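The next block holds one structure in the form of structure tokens; read it before the comments.
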Amino acid sequence: WSDSDEPGGPAFNWIDISGLGTEVTLSDDSNQGPFALGFDFPFYGVDYNTFRVCSNGFVSFLSTATNYTNSALPAAGAPLASAFLFWDDLAPDSGAVYYYNDGTRMIVQYADWGNYAGGSTYSMQMHLYPNGTIEYHYLSMAGTLTSATVGIQNSTRTDALTVISLGPSRSIS
């Protein structure tokens with residue numbers, strides 16, 4: 001894991017796909033898919049070619065779970081084979097979720113996504129590359145930032161990377 005504030009870290013690379021991507025219809029605590037990635041994506045030693053999107057801020061390669069109670073990873077109760085962009089009790093109030101393959105990567109975008117508690121708005125993206133690289137990009141994170149988990153977890157829930165659990169240990173940008 002590295003972030004854009006570190007020397008040699010990835011550059012912030014927001015690509016607005018709201019006018020290009022396919023919108024995913026999500027209600028509160030819902031999970032939709034599978035959707036085609038357009039390539040084989042290696043994740044913890046397994047190649048996946050589809051993904052699912054959850055209204056609670058994560059993308060999964062297998063799980064239909066809609067868990068909104070997050071925790072540090074690995075966790076037996078966490079959705080399996082998942083990438084957690086901002087896993088929390090989120091709500092689709094007035095926002096939208098899109099996905100788009102631009103020929104080099106799959107982009108999943110949460111645009112103006114809300115928090116169930118209200119008063120928060122998040123615009124964030126996940127970029128998935130055919131070589132297994134995952135990038136998280138946060139355009140605007142307004143409101144509550146102290147109750148989410150950011151990270152990844154394998155399909156057996158035995159290996160994971162927790163970047164943030166229940167509050168930022170570093171700024172989200």
Side-chain angles (χ1 to χ4, degrees), residues 1-4 6 8-15 17 20-27 29-90 92 96-111 113 122 124-138 148-166 169-170 172:
W1 172 268
S2 64
D3 69 34
S4 59
E6 295 177 23
F12 179 72
N13 187 21
W14 184 266
I15 301 166
I17 62 167
L20 302 169
T22 300
E23 186 170 357
V24 179
T25 302
L26 292 170
S27 58
D29 300 332
S30 66
N31 183 318
Q32 296 295 323
F35 306 110
L37 276 166
F39 51 84
D40 288 336
F41 181 76
F43 188 72
Y44 285 103
V46 178
D47 286 344
Y48 298 98
N49 58 23
T50 62
F51 67 100
R52 302 184 66 85
V53 178
C54 182
S55 61
N56 290 317
F58 64 87
V59 167
S60 181
F61 303 105
L62 293 176
S63 183
T64 60
T66 61
N67 305 36
Y68 59 82
T69 302
N70 61 76
S71 63
L73 304 167
L80 50 86
S82 295
F84 302 94
L85 182 60
F86 196 76
W87 179 29
D88 200 6
D89 192 2
L90 303 182
V97 174
Y98 306 93
Y99 67 90
Y100 179 71
N101 185 324
D102 72 357
T104 63
R105 70 194 132 201
M106 175 58 70
I107 302 168
V108 178
Q109 176 176 318
Y110 290 77
W113 208 246
Y122 313 120
M124 52 198 175
Q125 290 183 339
M126 179 183 301
H127 298 189
L128 304 170
Y129 291 85
N131 68 359
T133 296
I134 302 171
E135 293 178 353
Y136 295 163
H137 299 275
Y138 302 92
T149 296
V150 176
I152 58 175
Q153 178 169 271
N154 72 353
S155 64
T156 59
R157 300 177 174 124
T158 57
D159 196 7
L161 169 67
T162 297
V163 177
I164 296 172
S165 179
L166 303 178
S169 58
R170 62 180 85 202
I172 295 175

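All values derive from a computational prediction rather than experimental measurement. Position 1 is the first residue of the sequence; numbering continues from there.
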Minimum heavy-atom separation for [X] to [Y], with atom names?
{"X": "Ala72", "Y": "Ser165", "answer": "N-OG, 3.2 Å"}
{"X": "Val53", "Y": "Leu26", "answer": "O-CD2, 3.7 Å"}
{"X": "Asn31", "Y": "Ala65", "answer": "ND2-O, 2.8 Å"}
{"X": "Arg52", "Y": "Leu62", "answer": "CD-O, 4.2 Å"}
{"X": "Pro130", "Y": "Pro42", "answer": "O-CD, 3.2 Å"}

Approximate separation, where rounding is to 0.5 Å, of [X] [atom1] and [Y] [atom2]:
{"X": "Leu37", "Y": "Tyr48", "atom1": "CG", "atom2": "OH", "answer": "11.5 Å"}
{"X": "Phe86", "Y": "Tyr138", "atom1": "CZ", "atom2": "OH", "answer": "7.5 Å"}
{"X": "Leu85", "Y": "Ile152", "atom1": "CG", "atom2": "CD1", "answer": "13.0 Å"}
{"X": "Ser71", "Y": "Leu166", "atom1": "OG", "atom2": "CG", "answer": "7.5 Å"}
{"X": "Trp1", "Y": "Leu161", "atom1": "CH2", "atom2": "CG", "answer": "7.5 Å"}
{"X": "Phe84", "Y": "Thr162", "atom1": "CZ", "atom2": "OG1", "answer": "9.0 Å"}

Is the backbone of [Y] close enough, under 3.5 Å, to the side chain of [X] for a donor and an acceptor to pair up by distance?
{"X": "Tyr136", "Y": "Gly151", "result": "yes"}
{"X": "Trp113", "Y": "Ser55", "result": "yes"}
{"X": "Asn154", "Y": "Thr158", "result": "yes"}
{"X": "Gln125", "Y": "Gln109", "result": "no"}
{"X": "Arg157", "Y": "Pro74", "result": "no"}
{"X": "Thr22", "Y": "Tyr100", "result": "no"}
{"X": "Asn67", "Y": "Gly77", "result": "yes"}
{"X": "Asn56", "Y": "Leu90", "result": "yes"}
{"X": "Ser82", "Y": "Gln153", "result": "no"}

Would a 4.5 Å heavy-atom cut-off, applied to side chains only, mark [X] and [Y] as touching?
{"X": "Tyr44", "Y": "Asp159", "result": "yes"}
{"X": "Asp89", "Y": "Asp29", "result": "yes"}
{"X": "Thr25", "Y": "Gln32", "result": "no"}
{"X": "Asp88", "Y": "Tyr68", "result": "no"}
{"X": "Arg105", "Y": "Leu128", "result": "no"}
{"X": "Met126", "Y": "Ile107", "result": "no"}
{"X": "Phe41", "Y": "Phe39", "result": "yes"}
{"X": "Trp87", "Y": "Cys54", "result": "no"}

Do Asn70 and Thr149 have a side chain donor and acceptor closer than 3.5 Å?
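Yes, Thr149 and Asn70 have a side-chain donor paired with an acceptor closer than 3.5 Å.
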Can the ring centres of Phe43 and Phe61 be said to be less than 6.0 Å apart?
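Under 6.0 Å, so yes.
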Aromatic contact, Phe35 with Phe51 (centres under 6.0 Å):
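Aromatic pair counts; centres sit under 6.0 Å.
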List the steps, then state whether side-chain contact (heavy atoms from CB on, under 4.5 Å) holds for His127 with Ile134.
CA-CA 6 Å; His127 298 189; Ile134 302 171; over 6 Å; no
